[in-house]
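A quick note: this is a predicted structure, and the numbers were derived from the prediction, not measured.
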Amino acid sequence: MAATLRVRVFVVLLAACLAALLLPPSRPADAGLLEGVTGALLGRPAADWTLGGQPCRLIPVPTAAAPVGVGSCSGVRPGAPLLVGDGLCTLGYLFTGSDGERYIATAGHCFFASFNVPAGEVRWTMDTGPVVRDGQGNRIGTFAYAVLQDEKDFGLVRLDDGVAASPQMCHFGGPTGINDDRPGLLQPVLLNYYGNGVLVSGVLPARTAVATGMPDPDHVFADGVAVPGDSGAAVNSADGRAVGTLVTLGVHLAGLGIGGLDAGLIGITRLTPQLQRAEQVLGVDLSLQTAPTL
């Protein structure tokens, strides 16, 4: 009976992910947004990508009307909605920079998909990046950095002065630190995240996924539900530590070996390598702001 239940759960999760693939992302590009490019832009469209060399699809960024339930995690904090152009994503972890500024994360493809910009890597100086807003439409800051290259899907918003922000993830709490663990075979890890996925957020915004293993330093593949609007959600392990950012859908299967089963229906970019690259490009040291679990 347990095996039958697992099969049924897998089928339900797969159906949810396949349904998400049918929703189109993006809107027409805005001119002049690529000032401050730090590397050559790739010609590959943002809708198709790989993570860990595995074909997958970025979680689509829904446009126009926000889904029912957006705003249930209000404010500026991990799990709250983020409006980029006409697109909807989810906010991730909060950082303080050595430059005295505050930064909050999301998926890099939230920028590239919302403005239909070819994938690559971009940085912006103060107040020159695209404006981003909270779930109520209030300006909270501007993009400072965005990357969309294999194993890198990460963005940082430089918050405006006076914008109140909390590091604590909605519903679950944390992060209590960074989780760089690499558990192997038969060492499943429970992962918690809070997203603004279309329809799902009105019923079950706080969700848990299972990673059969986390053998790769750059990504985690897990079985769970993610739909358009969840892009950028912070993902914590059950003990509250920050694992990374929710970014892709599809049947990810990197392999099975002594390092564990590296497979799942959702893809997560691990935090440490994303952060290290962002620090290098911005020339700023970034410190994760922590919070107790709930």
Subject >> Chi angles and distances behind the side-chain contact (heavy atoms from CB on, under 4.5 Å) call for T142, T128 >> reply: CA-CA 7 Å; T142 57; T128 62; over 6 Å; no
Subject >> For D153, the option from H109, H219, Q274 that meets side chain to side chain donor-acceptor pair (under 3.5 Å) >> reply: H109
**OP:** Measure the shortest side-chain to side-chain distance between H171 and R207 over non-hydrogen atoms and say whether it is less than 4.5 angstrom.
**Re:** no
Original post:
If you round to the nearest 0.5 Å, how far is CD1 of I140 from CG of L82?
Top reply: 5.5 Å
Original post:
Do S114 and D86 come within less than 4.5 Å of each other through their side chains, counting heavy atoms only?
Top reply: no
Subject >> Gap separating the CD atom of Q289 from the OH atom of Y103, nearest 0.5 angstrom >> reply: 13.0 Å
**OP:** Evaluate the side-chain contact (heavy atoms from CB on, under 4.5 Å) criterion for residues R158 and D127: first the C-alpha distance (whole Å), next the side-chain angles of each, then the deciding distance (0.1 Å), finally the verdict.
**Re:** CA-CA 8 Å; R158 187 183 288 113; D127 292 330; over 6 Å; no
Subject >> Inter-residue atom distance T272.OG1 - I178.CD1, 0.5 Å rounding >> reply: 4.5 Å
**OP:** For the pair Y93 and F95, name the ring-plane relationship: parallel under 30°, tilted 30 to 60°, perpendicular over 60°.
**Re:** perpendicular
Original post:
Considering only heavy atoms from C-beta outward, does the side chain of L265 approach that of L249 to under 4.5 Å?
Top reply: no
**OP:** Show your working on side-chain contact (heavy atoms from CB on, under 4.5 Å) between R270 and V220 and close with a plain yes or no.
**Re:** CA-CA 7 Å; R270 300 199 75 160; V220 173; 3.8 Å; yes
Subject >> Minimum-distance pair of heavy atoms, taken over all atoms of G120 and F112 >> reply: O-CZ, 3.4 Å
Original post:
Do T90 and D230 have side-chain atoms, one donor and one acceptor, less than 3.5 Å apart?
Top reply: no
Original post:
For the atom pair OG (S231) and CG (L58), what is the distance rounded to the nearest 0.5 Å?
Top reply: 7.5 Å
Original post:
Hey, quick one: are V281 and V147 part of the same hydrophobic cluster, counting side-chain heavy atoms closer than 4.5 Å, chains of contacts allowed?
Top reply: yes
**OP:** Can you sort out the partners of A165 under side-chain contact (heavy atoms from CB on, under 4.5 Å), two or more places apart, ordered by chain and number?
**Re:** V76, L94, R102, L159
**OP:** Give a yes or no on whether a salt bridge exists between E121 and R277, defined as a side-chain N under 4.0 angstrom from a carboxylate O.
**Re:** yes
**OP:** Find out whether T208 and L191 are in side-chain contact, i.e. whether some heavy atom of one side chain is under 4.5 Å from a heavy atom of the other.
**Re:** no
Original post:
Hey, are T50 and D150 close enough side-chain-wise for a donor-acceptor pair under 3.5 Å?
Top reply: yes
Subject >> Contact check, side chains of T269 and L51, non-hydrogen atoms, under 4.5 Å >> reply: yes
Original post:
When the ring planes of F111 and W124 are compared, do they come out parallel, tilted or perpendicular, using 30° and 60° as the limits?
Top reply: perpendicular
Original post:
Does any non-hydrogen side-chain atom of D181 lie less than 4.5 Å from one of R241?
Top reply: yes
Original post:
Should the pair R139-D160 be classified as a salt bridge under the 4.0 Å nitrogen-to-oxygen rule?
Top reply: yes
**OP:** Assess whether side-chain contact (heavy atoms from CB on, under 4.5 Å) is satisfied between T290 and T176, documenting all intermediate values.
**Re:** CA-CA 5 Å; T290 60; T176 58; 5.6 Å; no
**OP:** Report yes or no: do V163 and V157 belong to one cluster of Ile/Leu/Val/Met/Phe/Trp/Tyr joined by side chain heavy-atom distances under 4.5 Å?
**Re:** yes
Subject >> Considering all heavy atoms, the nearest F115-P130 contact >> reply: CE1-CB, 3.8 Å
Original post:
Residues in side-chain contact (heavy atoms from CB on, under 4.5 Å) with A278, at least two apart?
Top reply: Y145, F154, L156, L286
Original post:
Under 4.5 Å between any side-chain heavy atoms of T245 and V235, yes or no?
Top reply: no
Original post:
Which value, rounded to the nearest 0.5 Å, describes the distance between T106 atom OG1 and F143 atom CZ?
Top reply: 6.0 Å
Original post:
Roughly how far, to the nearest 0.5 Å, is the CG atom of L91 from the OG atom of S166?
Top reply: 11.5 Å
Original post:
Do the non-hydrogen side-chain atoms of N236 and V243 ever get within less than 4.5 Å of each other?
Top reply: no
